[in-house]
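Worksheet: one structure, shown below.
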Amino acid sequence: MRSDAPTEFKQAAAFRASLRRFHRISEDAARQAGLTPRRHLLLLMIKGAPGGAERSTVSELCERLQLAQSTVTELVQRAEDAGLVRRTQARDDGRIAYLTLTPEGERRLRSVHEHLRPERESLTRILREVEGHRPAGR
């Protein structure tokens, strides 16, 4: 075993502990905002869609959330029923529906996001520390 291995394991363990803490705090913050943890992730993935579009399709969400289409479809339907997302048909292809957040969805997502700001900053610091202590050549 290499001499740097104990340090790598220590850093990996610290990082994983920090991720777990972030995950738990995220779930708690979502619940405080009246969202399930999965619904929070759904809203976040729509709002934070690649390219700044702030919209997404079910197919894109399946990929980003790593969930089956049936699961995402049900999640979207429940969020739509709760008044958090809206569906808009694409003008050029009626088979495609874009999902965007409603004002209520925006409000709840922003509440969770603001609550998690210190945790995101902490995770960023920890990741930089882990990356900064990486052995040369990696």
Side-chain angles (χ1 to χ4, degrees):
M1 191 172 265
R2 295 187 333 258
S3 62
D4 60 345
T7 301
E8 285 184 37
F9 287 124
K10 182 179 167 186
Q11 289 171 342
F15 182 64
R16 289 300 300 252
S18 297
L19 279 176
R20 181 61 196 120
R21 173 183 159 81
F22 180 80
H23 186 72
R24 182 186 53 77
I25 291 171
S26 293
E27 289 177 343
D28 292 345
R31 287 185 185 100
Q32 288 174 11
L35 299 170
T36 64
R38 275 195 173 176
R39 197 172 283 174
H40 165 244
L41 282 175
L42 174 77
L43 298 181
L44 181 61
M45 292 303 154
I46 293 170
K47 182 73 174 176
E54 296 187 9
R55 69 179 189 186
S56 193
T57 65
V58 169
S59 296
E60 291 166 346
L61 290 169
C62 290
E63 178 63 29
R64 293 193 79 201
L65 293 169
Q66 292 293 293
L67 295 171
Q69 184 165 351
S70 60
T71 303
V72 173
T73 299
E74 182 178 339
L75 188 59
V76 166
Q77 185 60 54
R78 288 183 182 194
E80 194 174 22
D81 292 346
L84 302 172
V85 299
R86 76 173 58 90
R87 236 180 263 256
T88 307
Q89 293 304 123
R91 282 183 254 149
D92 57 337
D93 188 342
R95 298 170 296 173
I96 297 174
Y98 291 109
L99 302 163
T100 56
L101 303 189
T102 64
E104 180 63 14
E106 293 266 358
R107 185 188 69 75
R108 291 196 200 183
L109 178 61
R110 186 154 314 283
S111 172
V112 176
H113 192 71
E114 289 303 316
H115 183 90
L116 293 175
R117 184 176 307 282
E119 296 305 319
R120 285 192 314 276
E121 290 169 356
S122 177
L123 261 183
T124 299
R125 275 192 310 277
I126 290 165
L127 183 58
R128 284 186 183 133
E129 288 172 16
V130 169
E131 289 296 312
H133 290 96
R134 204 176 241 190
R138 288 200 179 173

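All values reported here derive from a predicted model rather than from experimental measurement.
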Closest heavy-atom contact between L43 and G105? CD1-O, 3.9 Å

What residues, two or more places apart in sequence or in another chain, satisfy side-chain hydrogen bond (donor to acceptor under 3.5 Å, both in side chains) together with Q69? none

Taking atom CD of E63 as the centre, report whether more than 12 heavy atoms of other residues, nucleotides or ligands fall under 6.0 Å from it. no

I'd like to know if L127 and I25 are part of one continuous hydrophobic network [Ile/Leu/Val/Met/Phe/Trp/Tyr, side-chain heavy atoms within less than 4.5 Å]. yes

Where do R86 and L101 come nearest, in terms of heavy atoms and distance? NH1-O, 3.4 Å

Apply side chain to side chain contact (heavy atoms under 4.5 Å, CB included) to residues S18 and F22 and explain how you reach the verdict. CA-CA 6 Å; S18 297; F22 180 80; over 6 Å; no

For I46 and L99, the nearest pair of non-hydrogen atoms, with its separation, is CG2-O, 3.3 Å

Taking all heavy atoms of R64 and all of M45, pick out the closest pair and write down the distance. NH1-O, 3.1 Å

Please report the shortest heavy-atom distance between A33 and S111, naming the atom on each side. CB-OG, 4.1 Å

For R91, look at atom CZ and say whether over 12 heavy atoms of other residues, nucleotides or ligands are found less than 6.0 Å away. no

Rounded distance [0.5 Å steps], CG in L41 versus CG in L109: 10.0 Å

Heavy atoms of L65 and V72 approach each other most closely as CD1-CG2, 4.4 Å

Single-linkage hydrophobic cluster, 4.5 Å side-chain cutoff, Y98 and V85 together: no

Residues R108, E104; criterion salt bridge (Lys or Arg N to Asp or Glu O under 4.0 Å); working and verdict: CA-CA 6 Å; R108 291 196 200 183; E104 180 63 14; 2.8 Å; yes

The reported gap from CG in L75 to CG in L67 (rounded to nearest 0.5 angstrom) is 7.5 Å

Within a reach of under 6.0 Å around CZ of R110, are more than 12 heavy atoms found that belong to other residues, nucleotides or ligands? no

Rounded to the nearest 0.5 Å, what's the gap from CD on E119 to CZ on R24? Could you check? 8.5 Å

Using a strict threshold of under 4.0 Å (side-chain N to carboxylate O), is an ion pair present between E74 and R78? yes

Distance check, rounded to the nearest 0.5 Å: I126 atom CD1 versus L19 atom CG? 8.5 Å

Can you pull out every side-chain hydrogen bond (donor to acceptor under 3.5 Å, both in side chains) where at least one residue sits in residues 30-46? Sequence neighbours excluded, please. none

Those residues that, when tested against R117, pass side-chain hydrogen bond (donor to acceptor under 3.5 Å, both in side chains) (two or more places apart): E114

Short side-chain to backbone donor-acceptor contact, T102 and G83, under 3.5 Å: yes

For the pair S122 (side chain) and P118 (backbone), establish whether a donor and an acceptor sit closer than 3.5 Å, ignoring hydrogens and angles. no

I'd like to check R87 versus V76 (side-chain heavy atoms, cut-off strictly below 4.5 Å). Are they in contact? yes

E60 side chain to T57 main-chain N or O, any donor-acceptor pair under 3.5 Å? yes

If you define the side chain from C-beta out and look only at heavy atoms, does anything of E27 sit under 4.5 Å from H23? yes

